[in-house]
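Below you'll find the structure, written out as structure tokens, and then a few comments.
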Amino acid sequence: MTAAEALKRLQGFFAERGWRPLPFQRTMWRHYLAGQSGLLHTPTGSGKTLAMFGGPLLQALVDPLPTPARRSAVRPLQVLWVTPLRALATDTARALQAPLKAVGLDWQVGLRSGDASSRDKRLAREGRLDVLVTTPESLALLLSYPDTLARMRQLRCVVVDEWHELVGSKRGVLLQLNLALLRDTAPAMQLWGLSATLGNLQQAREVLLPGRDDAVTVEGARPRPVRVRSLLPEPGERFPWAGHLGLGQLPRVLQALMGARSSLLFTNTRAQAELWHQALSAVWPEDSATLALHHGSLDPALRQQVEDGLRAGSLRCVVATSSLDLGVDFPEVEQVLQLGSPKGVARLRQRAGRARHRPGASGEILCVPSHALELAEYAAARRALDAGVVEARRPLRLSLDVLAQHCISRALAGGFDAEALLAQVRRTHAFAQLGDAQWQDVLQFIVQGGRALAQYPDFHKAVQDEDGIYRVHDRRQALRHRLSIGTISSDGSVRVQFLRGGSLGAVEEQFAGRLRRGDRFQFAGRLLELVQLKDMTAYVRVARGGEGVVPRWQGGQLALSTSLGRELEAVLGGADDSPESRWLAPLMDLQASLSARPSPDHLLVEDVRRREGQFLFVYPFAGRHVHEALAALLALRCTRLQRNSIGYAVNDHGLVLAPALPIALDAAQWSALLDPGALLDDLRAAVNLGELARRQFRGIARVSGLLVPSLPGGMPRSLRQLQASAGLLYDVLREHDPEHMLLQLAEREVLHDSLDVDGLRDALQRMQGRALSLQAPRSLTPLGFPLWAERLRGQLSNEDWRTRVLRAAQQLEKRNAR
């Protein structure tokens with residue numbers, strides 16, 4: 001078949017649906033037929049799946065591979081489609097099947113992920129698919145079998161969907177290693193990444209396609225215009241300054257939901273999603289079946305029911321977290337609401353794209369503030385969107401725990417030659433700088449766990465045979481490794497399951513461990529009663545009436561991005577005339593009269609003296625993670641000026657230091673405190689780096705294979721047992737092998753990820769370049785009050801935290817009333 005005839009068939013598929021191929025889709029097809037690889041950058045909902053898949057379809061029509069006469073025979077895999085979410089994999093497989101019949105291809109499309117059916121898993125293992133949709137973890141598992149690569153030698157195309165979600169994570173590092181393996185196996189294959197909302201586009205392409213100067217970048221449809229609206233309180237209405245979940249907005253939110261055919265209400269945490277679903281359920285005027293809940297801790301079957309309901313248009317509202325952020329198509333969704341600050345420009349754009357998810361349609365998001373200053377963050381997000389600002393995703397380097405896992409997988413898949421694998425690994429962006437000594441450490445680790453663990457057989461994974469090839473011979477080691485493939489480390493979890501019935505999902509072990517028989521809790525949109533906690537499973541039944549606590553998940557708090565922080569500083573400085581800024585004007589006028597407004601031109605520092613002591617407020621607007629490290633650093637440096645004990649608290653806007661003894665600091669001393677010199681040494685002295693590294697070590701030990709999972713049929717290991725095992729290993733290595741590669745990796749990850757030393761250094765340099773606005777207000781200011789309230793969380797009191805915060809806010813408002 002000629003190229004023109006093939007194109008006519010594909011255009012016929014578009015015409016059947018009333019569509020016409022967009023210019024960027026045609027451009028993609030031309031690049032693909034020319035044999036090129038690259039990165040497609042286009043907004044969610046603009047038609048990127050067909051833009052990508054059209055190339056392999058046209059290629060198959062013009063230059064088909066021989067297919068076996070019998071459907072049951074082994075078929076050459078032609079397209080491998082990798083996506084970061086299992087739910088997205090299911091939706092993608094469905095989308096890829098749509099054009100096949102129209103263009104006349106008898107291709108088998110299958111799924112290989114944790115949610116795949118046993119049939120799909122069998123077809124993938126047996127090599128009876130033309131198109132395989134999978135996740136990075138499932139691909140790594142598939143490639144750990146010796147016969148997989150042989151069936152991929154004719155692989156024509158690999159597609160990495162939602163590359164922006166992988167490029168800055170260990171999941172992306174694992175995928176880089178397996179892509180290098182596939183490139184060497186099938187040198188003619190084309191590799192394409194699909195991405196949206198990405199700030200460092202060129203770097204992302206280099207990570208995906210290292211050393212490929214001929215790789216192209218295709219810009220798709222222009223970003224959809226996104227309209228940001230805020231659900232403003234009424235003029236003169238009392239609105240909290242801090243510390244609330246936004247439930248006071250319930251009547252307005254319900255009115256907005258009833259005004260649209262279907263809505264997604266996004267929250268930033270799973271606990272907030274549970275609470276809002278519970279609150280809406282209590283006032284929902286329609287059939288309760290039209291209101292649903294979706295977050296990552298729910299059972300996959302429950303999540304699938306919600307996604308199917310969204311596609312069918314049978315749901316009026318879904319309360320969701322980031323579990324619905326990515327590109328699953330929901331054209332029936334008419335409205336998106338964001339509860340609280342999105343904390344990032346890319347996240348807001350991604351969520352706005354969930355509504356009217358069709359090419360050419362504009363996006364809109366209704367933002368629901370939980371307290372007053374979040375209105376300023378909405379105005380800042382609108383400014384950033386208008387300016388085209390998108391956050392960059394920083395790629396990781398030298399994640400040796402991931403490399404160790406990959407090496408064991410290669411040893412399982414028939415074995416590897418060390419020199420050949422080293423050359424292949426160094427062709428990835430993540431390990432281009434891998435040194436010979438580091439490589440020898442990795443090899444020593446997979447053979448005996450390192451010098452200190454050499455006497456323990458459980459840590460002997462691979463063996464170097466007489467022919468020099470590294471292989472895994474122990475079947476138990478092989479099984480354990482395949483059970484633990486992947487890089488997603490989570491806190492210990494307890495399954496929640498009906499006493500007689502199906503699974504609801506999982507809560508964290510720390511929460512479940514506090515429950516007693518008969519206790520009630522709210523989960524999966526239901527009020528549940530604990531019947532029994534056994535073998536890491538909480539058996540429950542539905543409770544009748546009453547109330548229940550809501551689980552809290554650790555690590556769910558999002559930090560303000562640097563890009564959004566800079567826009568926020570400008571908004572609070574008065575560079576904005578949006579409806580949100582006009583509503584906030586009285587509050588910011590109070591800030592100016594008591595102290596000063598922040599500004600990109602100066603650094604605002606407030607010295608407040610109260611009956612309970614001195615409070616030093618600093619406002620860098622660099623995000624919670626940077627402020628955590630900065631507060632510890634400033635506290636240390638202040639104690640060098642005089643003997644003192646200094647507590648601190650942080651939020652996304654700034655930090656507060658609370659010295660036990662008053663301390664007077666002039667502009668020169670503040671400048672010295674903010675000096676980026678000797679940063680690493682001071683940071684090591686300021687924080688308990690050993691304890692932080694100890695916590696980080698557990699995830700690293702799991703990824704590397706040092707912490708082995710329970711075998712099927714064995715007793716599940718609790719988080720406490722895993723922590724104890726990891727802690728014991730950490731102590732043994734610290735004492736007997738202090739230079740162990742995993743200890744060094746744990747410390748490096750703490751510094752660069754948990755403490756964000758690079759972001760801290762940038763923040764210090766930025767602050768040092770500004771004039772200092774040193775203020776001494778007579779009372780707490782609107783900017784200082786949330787930080788003061790945050791500090792109250794760590795104090796012992798027989799009063800509820802919100803009660804104390806509310807009373808303090810009322811006192812401040814009364815004192816500063818005009």
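Gln405 contributes a side-chain N or O that, together with a main-chain N or O of Gly486, makes up a donor-acceptor pair within less than 3.5 Å. In this structure, the side chain of Arg471 does not engage the main chain of Ala411 through any donor-acceptor pair within 3.5 Å. Of the possible polar contacts, none joining the Gln154 side chain to the Leu77 backbone as a donor-acceptor pair under 3.5 Å is found. Of the possible donor and acceptor atoms, none in the side chain of Thr428 sits under 3.5 Å from a partner among the backbone N and O of Leu177. Between the side chain of Arg702 and the main chain of Ser484, a donor-acceptor pair closer than 3.5 Å is present.
Salt bridge status for Asp130 with Arg156: absent, with no side-chain N to carboxylate O gap under 4.0 Å. Residues Arg694 and Asp731 are paired through a salt bridge, judged by an N-O separation under 4.0 Å between the basic side chain and the carboxylate.
In this structure, Leu755 and Leu692 have side chains that are in contact, with non-hydrogen atoms separated by less than 4.5 Å. In this structure, Leu434 and Leu400 have side chains that are in contact, with non-hydrogen atoms separated by less than 4.5 Å. The side-chain heavy atoms of Arg748 and Leu745, taken from C-beta on, include a pair separated by under 4.5 Å. Side-chain contact between Leu729 and Leu453 is present, with heavy atoms from C-beta onward closer than 4.5 Å. Using a 4.5 Å cut-off on side-chain heavy atoms (C-beta onward), Trp192 and Val160 make no contact. Residues Leu132 and Leu142 have side chains in contact (heavy-atom distance under 4.5 Å, counting atoms from C-beta outward).
Residue-environment remark: OH (Tyr456) stays at or below the threshold of 12 foreign heavy atoms within 6.0 Å. Annotation: Gln455, atom CD; neighbour count of heavy atoms from other residues, nucleotides and ligands within 6.0 Å does not exceed 12. Around atom CZ of Arg734, no more than 12 heavy atoms belonging to other residues, nucleotides or ligands sit under 6.0 Å away.
Nearest approach of Ala746 to Ala693, heavy atoms of both residues: CB-O, 3.7 Å. The two atoms that bring Arg482 and Leu141 nearest to each other are CB-CD1, 3.7 Å, heavy atoms only. The two residues Arg153 and Ala150 come nearest to each other via the heavy atoms CG-O, 3.6 Å. Here the closest heavy-atom approach between residue Val109 and residue Ala93 is recorded as CG1-O, 3.9 Å.
Aromatic ring orientation, Phe445 versus His740: perpendicular (interplanar angle above 60°, classes split at 30° and 60°).
Distance check: Glu307 CD to Leu302 CG gives 11.0 Å after rounding to the nearest 0.5 Å.
For the side-chain contact (heavy atoms from CB on, under 4.5 Å) criterion with Leu298, the lone passing option out of Val306, Leu293, Leu504 is Leu293.
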